[in-house]
Visitor: 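Encoded as structure tokens, here's the structure I'll be asking about.
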Amino acid sequence: MDAGNPGQAKAHTMKVRCCVVGGGPAGMMLGYLLGRAGIDVVVLEKHADFFRDFRGDTVHPSTLQVMDELGLIDGFLKLPHQQLQKLEGMFGGTSVRIADLSRLHIKYPFIALMPQWDFLNFLRDSGKRFPSLQVLMSTEATDLIRRGDTITGVRAKTPDGTIDIEADLTIACDGRHSTVRACAGFEVEEIGAPMDVLWFRVGRRPDETENLFARVEPGKMLVTFDRGDYWQCAYVIAKGQYDAVKARGLPALLDDVVRIAPILKSGIAKVKSFDDVKLLTVAINRLTRWTRPGLLCIGDAAHAMSPVGGVGVNLAVQDAVATANILAAKLVQGCPSEDELDAVRRRRELPVRVTQRMQVVAQNNIITVALKSGDQPLKVPLAMRLVTALPWLQGLLARLVGVGVRPEHVHSPARS
């Protein structure tokens, strides 16, 4: 949309230094950091709240360290959560250990399992003390405002009508189906994933406990998280097979689930219909270019991750920290140049590429093998046997998953 187009209806206008589109982990963390730095910033969230059927809820040590550096960790860890240190599973009836975070010499050697909406609400509430930060709920970006080749803001839909948000810098944090990314015409490099995921909850009795994280059988894979009063389940299916699963019927699906994980039998009745089963379409992709003049993409808008390793939330937070570190001081003077914006990609592209490569290796060597049809017994892959046998390898994988490649630390300014 060109600024001043006479064909457009008159919209209410607001002006800010930075407009962040999307109230997920990247957007809310970036909004908090820029508000903390005294930058006039608005975060747009298209929904009325943060509750979603599927949102990643594994908060890794890298994110816990960021919360600590911001002075938020004590309040954050008072929120209801569970702590996970050892990632263990069954592969064709054989016990395996994938990672052991207790071997890490870091301040928070565990994964916090916390509903993402609690995380996002906490960031929003914590950011209310910054007068330069606004979070607009029920505000959906629908188009970009342009002045020539430069992005100068977004047009958004609100319950009260349309609003034009003029911004020196627009940052897209609106996820793998990014409206901003599409409007800007960015080229997406698709890497591919062989699976989709069915996401559902199963009831849990107080006396039920099991440390298994993943279960793999011929043609089937199930991941479970102990969430206190329920089990969060991810049933992995071959890409594009959701209609076939539905055609078999819900009883057949639940029978498979209980056969793989007998501990779920007592609570499986909580899944009453396919309305209780949410389909997550898995994708791995990344942009070849993250910027346009006046525009930057980060988080899933720049690189969609597979759920393998549960790293998506944490890479998004790392992107936000790097963005604030690099751009906050420059934003005081106006919009950074495109080369200065591209410094974020140059900083974050290596961690993204390495993590996505790890996910592809796991897909090709574990998930694809597991999802092959047939009744042949599964053999534990050599790499997995080595990790199970060598504790130092469990620590290495724990570091790659929990801390990541090139972890970010908060260096952006804090305005008193």
Side-chain angles (χ1 to χ4, degrees), residues 17-39 41 43 56 59-70 72 106 119-120 123 127 133 168-176 178 180-181 186 286-292 294-305 309 311-332 335-356 358 399-415:
R17 183 71 78 190
C18 182
C19 178
V20 176
V21 180
M28 290 305 298
M29 178 58 75
L30 181 58
Y32 181 91
L33 290 167
L34 294 182
R36 174 178 175 266
I39 305 297
V41 57
V43 180
V59 182
H60 289 199
S62 59
T63 299
L64 296 174
Q65 180 62 40
V66 168
M67 300 299 280
D68 183 68
E69 291 167 2
L70 291 172
L72 300 175
I106 57 178
F119 179 28
L120 299 178
L123 282 176
L133 168 62
D168 292 315
L169 175 61
T170 300
I171 302 182
C173 304
D174 51 340
R176 65 182 60 202
S178 171
V180 173
R181 182 174 77 182
F186 283 107
R286 56 180 176 254
L287 297 183
T288 57
R289 175 180 177 184
W290 295 22
T291 61
R292 295 273 190 269
L295 175 64
L296 169 67
C297 294
I298 65 171
D300 277 4
H303 47 77
M305 312 302 291
V311 296
V313 170
N314 307 280
L315 274 176
V317 168
Q318 297 285 298
D319 279 6
V321 174
T323 300
N325 287 346
I326 294 169
L327 300 180
K330 296 179 175 66
L331 273 168
V332 173
C335 183
S337 69
E338 190 175 4
D339 182 67
E340 290 172 321
L341 296 178
D342 192 52
V344 176
R345 177 195 60 81
R346 296 194 298 270
R347 172 74 186 177
R348 296 300 304 155
E349 192 168 43
L350 175 64
V352 168
R353 286 180 174 271
V354 170
T355 304
Q356 288 182 330
M358 289 168 52
R399 180 164 293 278
L400 289 172
V401 170
V403 179
V405 178
R406 191 182 284 166
E408 305 291 346
H409 298 278
V410 177
H411 301 303
S412 53
R415 184 173 176 179

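This one's a predicted model, so the numbers in the text were calculated from it and none came from an experiment.
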Visitor: Has Arg17 got a side-chain atom pairing as donor or acceptor with Val332's backbone, closer than 3.5 angstrom?
Guide: yes
Visitor: Roughly how far apart are Arg348 CZ and Leu315 CG, rounded to 0.5 Å?
Guide: 6.0 Å
Visitor: Between Glu408 and Gln318, is there a donor-acceptor pair closer than 3.5 Å when you use the side chain of the first and the backbone of the second?
Guide: no
Visitor: If you look at every heavy atom in Leu34 and Cys18, which pair is closest and at what distance?
Guide: CD1-SG, 3.8 Å
Visitor: Would you say Val321 and Leu33 make side-chain contact, with heavy atoms under 4.5 Å?
Guide: yes
Visitor: Is Arg406 salt-bridged to Glu349, going by a charged N under 4.0 Å from an acidic O?
Guide: no
Visitor: If you define the side chain from C-beta out and look only at heavy atoms, does anything of Leu123 sit under 4.5 Å from Met29?
Guide: yes
Visitor: Tell me, do Arg289 and Glu338 make a side-chain contact under 4.5 Å, heavy atoms counted?
Guide: yes
Visitor: Determine whether Val410 and Arg36 make a side-chain contact, defined as any pair of heavy atoms from C-beta on separated by less than 4.5 Å.
Guide: yes
Visitor: Under 3.5 Å, is there a donor on one side chain and an acceptor on the other for Glu69 and His409?
Guide: yes
Visitor: Find out whether Pro25 and Leu120 are in side-chain contact, i.e. whether some heavy atom of one side chain is under 4.5 Å from a heavy atom of the other.
Guide: yes
Visitor: Is Arg292 close enough and on-axis enough to Phe186, meaning under 6.0 Å and within 45°, for cation-pi?
Guide: yes
Visitor: Using a 4.5 Å cut-off on heavy atoms from C-beta on, say whether the side chain of Tyr32 contacts that of Leu72.
Guide: yes
Visitor: Using 0.5 Å steps for rounding, measure from the CG atom of Leu327 to the CG atom of Leu296.
Guide: 6.5 Å
Visitor: Between Cys297 and Ala302, which heavy-atom pair has the shortest distance, and what is it?
Guide: O-CB, 3.6 Å
Visitor: Are any of the side-chain heavy atoms of Phe119 and Met28 separated by less than 4.5 Å?
Guide: no
Visitor: Between CZ of Arg345 and CG of Leu341, what distance do you get to the nearest 0.5 Å?
Guide: 11.5 Å
Visitor: Which distance, rounded to the nearest 0.5 Å, do you find between the CD1 of Ile298 and the OG1 of Thr291?
Guide: 13.0 Å
Visitor: Thinking salt bridges, do Asp339 and Arg346 make one under a 4.0 Å N-O criterion?
Guide: yes
Visitor: State, to 0.1 Å, how close Asp174 and Ala301 come at their nearest heavy-atom pair, and which atoms those are.
Guide: OD1-CB, 4.0 Å
Visitor: Quick one: closest heavy-atom pair of Ile326 and Ala343, and the distance?
Guide: CD1-O, 3.7 Å
Visitor: Over all heavy atoms of both residues, which pair between Ser62 and Asn314 is shortest? Give the atoms and the distance, please.
Guide: OG-CB, 3.9 Å
Visitor: Could you tell me whether the side chain of Arg347 and the main chain of Asp319 form a donor-acceptor pair under 3.5 Å?
Guide: no
Visitor: Working to the nearest 0.5 Å, report the span between NE2 of His303 and CZ of Arg176.
Guide: 11.5 Å
Visitor: Measure the CG-CZ distance between Leu287 and Arg181 for me, rounded to the nearest 0.5 Å.
Guide: 5.5 Å
Visitor: Using modelled atom types only, decide if a donor and an acceptor are shared between the side chain of Thr355 and the backbone of Pro351 within a distance under 3.5 Å.
Guide: yes
Visitor: Quick check: do Pro336 and Leu331 have side-chain heavy atoms less than 4.5 Å from each other?
Guide: yes
Visitor: The test is side-chain contact (heavy atoms from CB on, under 4.5 Å); show your working for Val21 and Ile171 and say whether it passes.
Guide: CA-CA 6 Å; Val21 180; Ile171 302 182; over 6 Å; no
Visitor: Looking only at heavy atoms, which two atoms of Val311 and His60 are closest? And how far apart?
Guide: CG1-CE1, 4.0 Å
